[in-house]
2 protein chains.
Amino acid sequence: MIEKNKQISRIVDSFLHKGIKLTHQRKVIAQVITDASDHPDANEVFIRANKIDNRISLATVYRTIKLFEENNVLNRIELGGKRARYEELTDAHHDHLIDIDTGDIIEFVDNDIEELQKKVAKKLGYSLVDHKLELFGKKIKTD
Amino acid sequence: MIEKNKQISRIVDSFLHKGIKLTHQRKVIAQVITDASDHPDANEVFIRANKIDNRISLATVYRTIKLFEENNVLNRIELGGKRARYEELTDAHHDHLIDIDTGDIIEFVDNDIEELQKKVAKKLGYSLVDHKLELFGKKIKTD
DNA sequence: TTTCCTGCAAAGGGTTTGCACGTGT
DNA sequence: ACACGTGCAAACCCTTTGCAGGAAA
């Protein structure tokens with residue numbers, strides 16, 4: 001139990017500090033997102049939150065997701081016109097490798113790429129504010 | 001005139017070779033996309049195509065864009081839940097730097113980044129099929 | 001002529017919103 | 001008590017689709 005409380009602290013804390021109301025729904029949704037390791041979409045968050053407490057509507061999930069995004073605790077991953085997927089935002093930046101056969105999303109970090117990006121932006125006369133890198137790959141068979 | 005015909009040859013050719021009907025609408029839409037240098041969205045393509053010939057509907061623009069995508073002559077750029085934008089696909093691969101103040105899209109190529117991506121994918125057990133890199137930056141003032 | 005394409009308008013899928021009620025502080 | 005959050009259903013926006021008429025081959 002103490003473990004659980006600790007897990008949601010990042011999201012919860014950022015709200016306590018900003019005077020935003022910590023409702024039952026928001027706690028459950030924060031919990032669901034923190035517990036997820038598979039980048040769920042809004043509907044999936046809704047389903048999981050509902051299993052915990054059925055007083056939660058899809059509309060509230062969308063409103064809460066937007067709230068989380070605005071408070072920089074949640075990151076949206078857009079995948080070509082389909083439902084957007086989400087992940088909790090941590091301090092450690094990372095990018096995504098998407099398995100084109102299974103849809104699995106693998107996270108990775110590569111500092112060399114990050115550095116090159118800054119360099120490229122600067123060369124074009126810009127300071128890099130953010131970036132989005134998605135690799136699409138096929139699993140190499142090792143049999 | 002000869003120049004114009006030459007410009008749309010890439011898109012037109014891939015149709016002649018595949019036995020797909022080359023309708024008036026498709027020619028105009030191909031022309032509009034080839035002439036565009038600003039990554040227009042579907043509605044913008046519709047507006048421009050209509051100026052050239054008002055017998056073109058939005059539905060046809062969408063159908064034609066999809067057709068172009070399937071034939072790998074058009075590339076879709078997704079920008080966070082808003083309308084998708086498009087660009088003619090050339091052999092030379094490039095990525096995008098988006099000006100977060102103006103929405104301008106600047107194209108760039110960086111072979112070092114491309115190479116690193118392949119290396120990263122391989123390290124994770126994948127062969128790189130495709131990738132999407134978008135940098136978001138603010139223009140550095142030089143005054 | 002035959003097959004495929006088009007325009008129109010209606011449907012679709014994901015996301016947002018107006019409203020009256022409910023809840024956290 | 002008061003301000004803000006919620007559920008519901010309707011609205012919204014972009015995109016797709018069914019159908020009957022129209023054009024390319």
Side-chain angles (χ1 to χ4, degrees), chain A residues 8 11-33 39-47 49-71 74-86 103, chain B residues 8 11-33 39-47 49-71 74-86 103:
Chain A
I8 63 168
I11 291 180
V12 171
D13 277 3
S14 73
F15 287 163
L16 290 175
H17 295 334
K18 299 190 186 197
I20 295 172
K21 277 188 187 167
L22 204 47
T23 66
H24 177 74
Q25 286 88 335
R26 287 175 181 174
K27 281 183 205 163
V28 172
I29 292 169
Q31 183 71 257
V32 165
I33 289 170
H39 309 81
D41 59 42
N43 195 55
E44 186 59 35
V45 171
F46 167 63
I47 290 168
N50 243 266
K51 261 181 206 149
I52 297 171
D53 188 318
N54 67 354
R55 290 176 299 171
I56 296 177
S57 69
L58 222 204
T60 294
V61 169
Y62 273 108
R63 280 190 276 235
T64 304
I65 281 174
K66 182 180 258 184
L67 183 72
F68 286 178
E69 276 192 273
E70 289 165 355
N71 285 276
L74 187 66
N75 185 228
R76 177 197 302 240
I77 307 171
E78 295 274 350
L79 290 175
K82 305 186 200 319
R83 281 195 276 237
R85 293 170 62 173
Y86 301 88
Chain B
I8 64 169
I11 290 180
V12 170
D13 277 3
S14 74
F15 287 160
L16 290 175
H17 296 333
K18 299 191 184 195
I20 296 171
K21 277 189 189 168
L22 203 47
T23 65
H24 178 76
Q25 287 87 335
R26 286 175 180 173
K27 281 183 206 164
V28 173
I29 292 169
Q31 182 70 258
V32 165
I33 289 170
H39 309 81
D41 59 42
N43 195 55
E44 185 59 35
V45 171
F46 167 63
I47 291 169
N50 242 266
K51 261 181 205 148
I52 298 170
D53 187 320
N54 66 353
R55 291 175 299 172
I56 297 176
S57 69
L58 222 203
T60 294
V61 168
Y62 273 108
R63 279 190 276 235
T64 304
I65 281 174
K66 182 180 256 185
L67 183 73
F68 286 177
E69 276 192 274
E70 288 164 357
N71 284 277
L74 188 65
N75 185 229
R76 178 196 301 239
I77 308 170
E78 294 274 351
L79 290 174
K82 306 188 200 317
R83 281 195 276 237
R85 293 169 63 174
Y86 302 88

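Throughout, a chain's letter reflects where its sequence line sits, starting with A, and its residues are numbered from 1. Since the model is a prediction, treat every value here as computed from it, not as a measurement.
Residues A:K21 and A:R26 are in side-chain contact: their nearest non-hydrogen atoms beyond the backbone lie under 4.5 Å apart.
Atom-to-atom, CZ of A:F68 to P of D:dG5 comes out at 12 Å; the value is rounded to the nearest Å. Distance B:I20 CD1 to C:dC5 P: 8 Å, rounded to the nearest Å. When the P atom of D:dA23 is taken as reference, atom NE2 of B:H24 falls 11 Å away, rounded to whole Å. Here the C1' atom of nucleotide D:dG18 and the OH atom of B:Y62 are 19 Å apart, to the nearest Å.
Side chain of A:T60 to main chain of A:I56: no donor-acceptor pair is present (N/O by atom type, distance under 3.5 Å, no hydrogens or angles).
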Nucleotides 9-13 of chain D: which of its N/O atoms have a protein N/O under 3.5 Å away?
none

Bracket string, DNA chain D, 5' to 3' - pairs by Watson-Crick or G-U geometry under 3.5 Å, | interstrand: |||||||||||||||||||||||||
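Put simply, the residue from A:T23, A:I33, A:I52 that forms a side-chain contact (heavy atoms from CB on, under 4.5 Å) with A:V28 is A:I52. Screening B:H24, B:Q25, B:K27, B:Q31 for a side-chain hydrogen bond (donor to acceptor under 3.5 Å, both in side chains) with B:D53, the sole residue that qualifies is B:H24.
Closest contact between the side chain of A:L58 and the listed nucleotides D:dT15, D:dA23, C:dT15 involves C:dT15. With D:dT6, C:dG24, D:dA23 as the choices, the nucleotide that has an atom nearest any side-chain atom of A:R26 turns out to be D:dT6.
Shown here are the side-chain contact (heavy atoms from CB on, under 4.5 Å) partners of A:F46, two or more places apart in sequence or in another chain: A:N43, A:N50, A:L58, A:V61.
The base of C:dT16 lies outside donor-acceptor range of the side chain of A:K66, with no N or O pair under 3.5 Å.
Within the 4.0 Å cut-off from OP1 or OP2 of C:dT6, at least one side-chain nitrogen or oxygen of B:T23 is found.
At the heavy-atom level, B:R63 lies under 4.0 Å from base atoms of the strands shown.
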